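Count residues from 1 along the sequence. Worth saying up front: this structure is predicted, and the values here are computed from it rather than measured.
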Amino acid sequence: MTEQTEQVRVRFAPSPTGYLHVGGARTALFNWLFARHSGGKFVLRIEDTDFARSSDEMVEGILRGMRWLGIDWDEGPFYQSRRLDRYREVAAALLADGHAYRCFCPPEKPGGGGLEEGGAGRKNHPQDAGREDAPAHMCALLPPEESSRRAAAGEPFAIRFHIPPDKSSFKDIVFGKIEIDNATLEDFVLLRSDGVPTYHLGVVVDDMDMGITHVIRGADHISNTPKQIFLYRALGRPVPEFAHLPLILGPDKQRLSKRHGATSVMAYAEEGYEPEAFFNFLSLLGWSPGDDRELLSRDELVALFTLEGVGKANAVFGVEKLDWFNGQHLRNMPAGGLRALATAELRKSGVWPAAGDAPMGPAAMDAAIGLVKPRAKKAADFSGNFRAFFTDDFKYDPAAAAKFLGEPKLKDLVPALLGKYEAAPDFTLQSTEEALRAHAEAGGVKAGLLINALRVALTGQGVAPGLFEVMQVLGRRKTLERLRRLCDYLSSAAGK
C-alpha cells in the first residue's frame, strides 16, 4: 500500500472541449474510488482555458455524465478561466527567481515554438553558447537588462521555463521508476503572450493550491510529468505522488476512438445501459481486485480499490463484455426495480402511452419480465426483441418469417392445431406441449416445425424463451389470437 501521512486529496480535471468520454470517465472513477477508499477528498476542476473550443454545453455534458455514473465530488467544480491572475502571478515569480525567461521568438521560428506552446527544438542553457548545435531559443541567453528593455518597449513575449541539465527520475505507483534524460526536453512555455497559461503551469498551480496529494491520470501524461515536477521543485512545493493509468484500447488493440462505437458516456446511457453496470465494467478496465471476481457492487469496489491493483497493460474495451455486465445487473435487479425500468423504456419508446395506467398489471408484467430477463442485455430490449410480451402491436422479424414460416404444410397444420387448443378443456404447460407434439406426429412432421412457427407467431422472433412457457405467460386468449393472426398470414402467403 502507498503510505499516506496526510488526508488523500485527488482531482479530476477534464477539459470541456468534448463530452465525458470513456477514458475520462475511467480516470474520474479511479480517482473517486481511491478517495472514497482512503477517506479522502475528490476535487472536480474544469480546465477551460482553451477558450476557442470550451463551452458551457460541454461542461454540463461532463457533469451530466458524472452524475449518471454516481461519481459525486467533494469540492468544486473550480474553473481555470477564473484563476488567470493566479497563474500570471506564479509565472512572474518564476521569472523573477531565474527559473524562467522571456521568449520573444515568433511562433514560426523553426524549432522554437516561439510565443506559443510547443516547438520541436532543444532546450536552452547558457552553457550551450558557442556550440555548433546552439539552441533555437536564443532568448534564454539574453542578458536580463536586454530582456527587460524589450518587454518594456511592448514587444510581445511568452514566459518559458528553464529545463535543468543532466538526468532526472520519478517514481510512478503503477509503472515504477521512470528516468528521463533532460537533454531530450525543451524549455517549455508557461505563459503565452496573451497571458493565458499553458497546461503545465495551470495544472501545477491548481494542484499545488488545492493540496492535491495524488495525481491519477492516463498514461499519455507520463511525458508531461518531468516538466511538472521541475515546476514543483522550482516553486519549493512538495511533489504529489503520481499514478498513471494504462490506456484503453478497442478490440483491435488500437486506441479507443469513434470507429469502435460510442465513446461518450451519455451515449451508453441513451442506449439503455445501467449506470451501476457501466460503473462496474469501467472499474475493471485496467484494475483488478486481485481475484477472479467481476460482479462487484459500488461498496465492494470502494472497499477493495487500491492503486497497487492497477496494471501496466493496456485495457481493452469490448461492447460484448459491457453487454454481459449489463445483463447480469438486470438479472440481479429486484422485481420492482426491473418492472419500473421496463415500464419507463416502454413508455419512452412509444410502445405504451406516455401517461396513464400501464396496459399490464404488475403480476402479468413480472411474469413476462421473469421469462425474458435471462436474455436481456439492456433496457432497450424490452421495447425491441421483447416487444411482443408487452403489446400486440409487433411485426414478425423478416428473417425469422422467411426461415420458419415458409413450409407449405403449415397452412393446414396451424389451423388444425388452433382448433385443438380452442377445444381443449385446459391450457397448461403440459397440455399445450402434449397437444402440439401429438399433432405434429399425426401430421407426419417434426415437432420443431410447429414450435418454430408458433414462436414467430407469439414473439415475432426466431429466437425466444421456451414456446410453452411463452404461452403460459401470454395466456390462452392472447395465444389463440396470435395463432389466428398466423393462420391469416399463412393463408395470405399461400395465395401469392
Side-chain angles (χ1 to χ4, degrees), residues 9-21 23-25 27-28 30-32 35 41-67 71-95 99-100 103 113 115-118 157-161 188-218 220-232 234-235 237-240 242 244-245:
R9 290 180 61 83
V10 297
R11 47 71 168 178
F12 175 53
S15 175
T17 55
Y19 295 109
L20 183 65
H21 55 81
T27 297
F30 280 22
N31 274 278
W32 185 90
K41 297 293 184 182
F42 176 69
V43 179
L44 176 60
R45 187 170 74 225
I46 306 297
E47 298 187 344
D48 59 343
T49 54
D50 185 344
F51 299 115
R53 298 171 59 211
S54 299
S55 70
D56 292 341
E57 178 189 358
M58 295 302 179
V59 171
E60 183 52 38
I62 290 169
L63 300 184
R64 189 167 61 250
M66 293 179 68
R67 292 188 189 107
I71 300 176
D72 56 336
W73 49 94
D74 302 303
E75 299 175 17
F78 301 107
Y79 294 83
Q80 283 192 334
S81 59
R82 302 172 189 175
R83 290 171 45 81
L84 297 181
D85 288 345
R86 174 59 176 154
Y87 307 130
R88 294 163 185 160
E89 173 191 345
V90 173
L94 290 166
L95 182 63
H99 293 295
C103 178
L115 305 179
E116 308 304 328
E117 184 176 13
F157 63 87
I159 296 180
R160 197 177 281 272
F161 186 82
F188 57 95
V189 172
L190 298 173
L191 201 68
R192 300 184 181 92
S193 58
D194 59 3
V196 176
T198 61
Y199 168 72
H200 295 299
L201 179 62
V203 72
V204 168
V205 173
D206 286 345
D207 285 348
M208 182 177 71
D209 289 354
M210 296 173 190
I212 300 304
T213 61
H214 295 73
V215 174
I216 305 169
R217 59 189 180 183
D220 50 337
H221 283 285
I222 288 178
S223 61
N224 294 326
T225 305
K227 298 177 182 179
Q228 292 162 16
I229 291 175
F230 295 147
L231 276 175
Y232 278 106
L235 292 166
R237 299 299 294 269
V239 178
F242 289 91
H244 288 91
L245 310 177

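- We find the CZ-OG distance between R53 and S15 to be 6.5 Å, quoted to the nearest 0.5 Å.
- In plain terms, the two heavy atoms of F242 and I229 that are nearest each other are CE1-CG1, 3.9 Å.
- Separation of atoms CD1 (I62) and CD1 (I46) is listed at 5.5 Å; rounding is to 0.5 Å.
- We find that R11 and D206 are not joined by a salt bridge, their nearest charged nitrogen and carboxylate oxygen being 4.0 Å or further apart.
- In terms of heavy-atom proximity, I71 sits nearest to A25 at CD1-O, 4.3 Å.
- A search for salt bridge (charged side-chain N to carboxylate O under 4.0 Å, His left out) contacts involving D209 returns R83, R86, not counting sequence neighbours.
- Remark: R9 engages E75 in a salt bridge, criterion side-chain N to carboxylate O under 4.0 Å.
- Here the side chains of L63 and W73 are in contact, with some heavy-atom distance below 4.5 Å.
- Here the options are V189, L94, T198, L95, the test is side-chain contact (heavy atoms from CB on, under 4.5 Å), and the partner is R160; only V189 passes.
- Partners of H244 by side-chain hydrogen bond (donor to acceptor under 3.5 Å, both in side chains), not counting sequence neighbours, listed by chain and number: D172, R217, T225.
- Considering only heavy atoms from C-beta on, P14 stays 4.5 Å or farther from L20 through its side chain.
- Of the N and O atoms on the side chains of S81 and D48, at least one donor lies less than 3.5 Å from an acceptor on the other residue.
- Listed for the N31 side chain is no donor-acceptor partner under 3.5 Å among the backbone atoms of F12.
- The shortest distance between side-chain heavy atoms of V204 and Y232 falls below 4.5 Å.
- Side-chain contact, E47 with Y79: no donor N or O sits under 3.5 Å from an acceptor N or O.
- Side-chain contact check for V215 versus P240: some heavy-atom pair is nearer than 4.5 Å.
- Considering only heavy atoms from C-beta on, Y87 stays 4.5 Å or farther from V196 through its side chain.
- At least one side-chain heavy atom of L245 sits less than 4.5 Å from a side-chain heavy atom of F30.
- Between L191 and R88 there is a side-chain heavy-atom pair separated by less than 4.5 Å.
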Could you walk me through whether V90 and L235 pass side chain to side chain contact (heavy atoms under 4.5 Å, CB included), step by step? CA-CA 9 Å; V90 173; L235 292 166; 3.7 Å; yes
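- Closest of all the heavy-atom pairs between I212 and H214 is CG2-O, 3.4 Å.
- Between the side chain of W32 and the backbone N or O of F42 there is no donor-acceptor pair closer than 3.5 Å.
- Here the side chain of H221 pairs no donor or acceptor atom with the backbone of N224 at under 3.5 angstrom.
- Residues G61 and Y19 come closest through the heavy atom pair CA-CD2, 3.8 Å.
- Under the 4.5 Å side-chain criterion, counting only non-hydrogen atoms from C-beta, L231 is not in contact with H99.
- Closest heavy-atom contact between P197 and G202: CB-N, 4.3 Å.
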